[in-house]
Amino acid sequence: MKHFISKAHLYLGLISAPIVFFICLTGTIIVFCDEIIEWSAGDARYVEHIKPNKLPVKQLLSTLHDQFPERRTPNYLVSYQDPKRSIRFNSYDPQKGLRMVYVDPYTGKILKDDSTIHFFYITAHLHNSFLLGKPGEWVVKISVLLFVISLFTGLVIWWPKMRNKNSRKAAFTIKLNAPFRRLNYDLHKVLGFYGFGISLLLAATGLIIAFQPLSNLTLNAFGGDSSQILPKNETTTNKKAIPMNSVIEKAFKCYPEKHEVQVYTYNLNKSAYYILNVAKQIGIKSARSNQLLIFNKSTGKEIQISKELLQNERIKNTYWTLHMGNWMGLTGKIITFIGGLISTILPISGIYIWWQSYRRRKQNRITLN
């Protein structure tokens, strides 16, 4: 059985290694995307002067349209409880790609049109599909499944017999002063053990995100209901919509411990609702300590959300948070980054071990002949 497991580990690893290496490398690059995007904004994150009132969001959107007429309506905006902070809009340019536009909410002045997010947008699509659409997505899914099997088979192969102190030490430590061949072997074996948990977590959450049936199964298993969805963007009547600023203020009053509000602005004119995500920190694909809120656009009254739909949003945010590394703030990001590096090293170190073994066997055959 152990011989069979060793062969399965070898061949599944060889088949998936180059793809898994690329998936893990691009995933590791994305880990600190939120921090890098925040840092790249620089002074544009803050306004020069705080005024008594902010301009209506509708006016800010109009300013963006006038400034960038070739762009689509921003997909969402993020507003901050801190009055010193600017508002950021997620905007898409047909020529330049995804942008993050920072606007002074008091004057409507555009502070910065930042392209940093587009780099991570491309990296994320390389990560999940190699930019090849559905065929690329299936290549990634199958490779990650093989990687998960390789993790478990590797753990079985590695598991030490614990006969004595030396065998235990060899199993759990890397001999840094050893020749490169031995060092590489230790890296593959020992790092594989220490990184098993985080690597499995990243792979499992990635598969949940990638496979819709698995995502639905997860929702239903943890108290959600996969059939429950957000209200459709019903066409509004001729009733005048209340200002979006008022529901943003209401969200912060309801949750004073939160720092940011994300409001979906795509097709805003046709929507009957304001859909908000209030959280301590809004990331590209996840949020820390978030709460979903829906307001009637005409009356400003909060719409009661079913507990199943709320649970759906919590579960989705949980597996995205685990996959992106936001689960413990900066500590979680560091652990996820290290786990990504280990996962990136494993396929390369494994190929090197196989290559050395193959060369040795080939030399032995030549010597015998």
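Given the structure is predicted, the values throughout are model-derived calculations rather than measurements.
In this structure, Arg361 fails the cation-pi test against Tyr358, since its NZ or CZ atom is not both closer than 6.0 Å to the six-membered ring centre and inside 45 degrees of the ring normal. No cation-pi contact links Lys258 to Phe252, judged by a cut-off of 6.0 Å to the six-membered ring centre and 45° from its axis. Tyr46 carries Arg85 over the face of its six-membered ring, with the cationic atom under 6.0 Å from the centre and within 45° of the normal.
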Could you walk me through whether Phe295 and Tyr273 pass the ring-ring contact (aromatic ring centres under 6.0 Å, His included) test, one step at a time?
-> CA-CA 6 Å; Phe295 293 93; Tyr273 311 100; over 10 Å; no
Full working for salt bridge (Lys or Arg N to Asp or Glu O under 4.0 Å) between Asp93 and Arg72 | CA-CA 7 Å; Asp93 189 299; Arg72 302 174 188 171; over 6 Å; no
Please report the C-alpha distance between His259 and Asp82 in whole Å, then the side-chain angles of each, then the deciding distance to 0.1 Å, and finally whether the side chain to side chain contact (heavy atoms under 4.5 Å, CB included) criterion is met.
-> CA-CA 7 Å; His259 307 304; Asp82 184 354; over 6 Å; no
Phe180 and Tyr352: ring-ring contact (aromatic ring centres under 6.0 Å, His included), yes or no, with the steps?
-> CA-CA 11 Å; Phe180 180 77; Tyr352 186 79; 5.2 Å; yes
Side chain to side chain donor-acceptor pair (under 3.5 Å) assessment of Asn245 paired with Glu249 | CA-CA 6 Å; Asn245 291 16; Glu249 290 172 6; 5.6 Å; no
Please assess Leu276 against Leu292 for the test side chain to side chain contact (heavy atoms under 4.5 Å, CB included), listing each intermediate value before the final yes or no.
-> CA-CA 6 Å; Leu276 286 69; Leu292 178 69; over 6 Å; no
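Between Trp138 and Phe211, the distance from one ring center to the other falls under 6.0 angstrom. Outside the 6.0 Å centre-distance limit, the rings of Tyr76 and Tyr266 are not counted as a close aromatic pair. Tyr121 has its ring centre less than 6.0 Å from the ring centre of His125. Taking the six-membered ring for Trp and the full ring otherwise, the centers of Tyr274 and Tyr264 sit at least 6.0 Å from each other.
For the atom pair CD (Gln304) and CD1 (Ile294), the distance works out to 10.5 Å, reported to the nearest 0.5 Å. Rounded to the nearest 0.5 angstrom, Ile282 CD1 and Gln262 CD are separated by 5.0 Å.
Side-chain polar atoms of Ser86 and Asp104 form no donor-acceptor pair below 3.5 angstrom. At a cut-off of 3.5 Å, with distance as the only test, no side-chain donor of Glu313 or Asn317 sits close to an acceptor on the other residue. Defined by atom type and a distance below 3.5 Å, a donor-acceptor pair is missing between the side-chain atoms of Asn75 and Asn90. Between the side chains of Ser343 and Ser199, at least one donor N or O sits under 3.5 Å from an acceptor N or O. Of the N and O atoms on the side chains of Ser40 and Thr116, at least one donor lies less than 3.5 Å from an acceptor on the other residue.
Looking only at side-chain heavy atoms (C-beta outward), Leu145 and Ile149 stay at 4.5 Å or farther from each other. Looking at heavy atoms from C-beta onward, Tyr185 lies out of side-chain contact with Ser349 at the 4.5 angstrom threshold.
Ring orientation note: the planes of Phe193 and Trp158 are close to parallel, at an angle under 30° on the 30°/60° scale. Ring geometry for Phe130 versus Phe22: interplanar angle under 30°, hence parallel rather than tilted (30 to 60°).
Taking hydrophobic clusters as Ile, Leu, Val, Met, Phe, Trp and Tyr residues chained together by side-chain heavy-atom distances below 4.5 Å, Tyr102 shares a cluster with Ile36. Put simply, Leu202 and Ile23 are part of two different groups of oily side chains (I, L, V, M, F, W, Y) that touch within less than 4.5 Å, one to the next.
When each of Met100, Gln67, Arg71 is tested with Asp113 by the rule side chain to side chain contact (heavy atoms under 4.5 Å, CB included), just one qualifies, namely Arg71. For the side-chain hydrogen bond (donor to acceptor under 3.5 Å, both in side chains) criterion with Asn326, the lone passing option out of Lys333, Arg288, Lys285 is Lys333.
Listed for the Glu260 side chain is no donor-acceptor partner under 3.5 Å among the backbone atoms of Tyr80. With hydrogens and angles ignored, the 3.5 Å screen pairs no side-chain donor or acceptor of Ser129 with any backbone N or O of Gly136.
The residues Glu257 and Lys280 are annotated as not salt-bridged, no charged nitrogen and carboxylate oxygen being separated by less than 4.0 angstrom.
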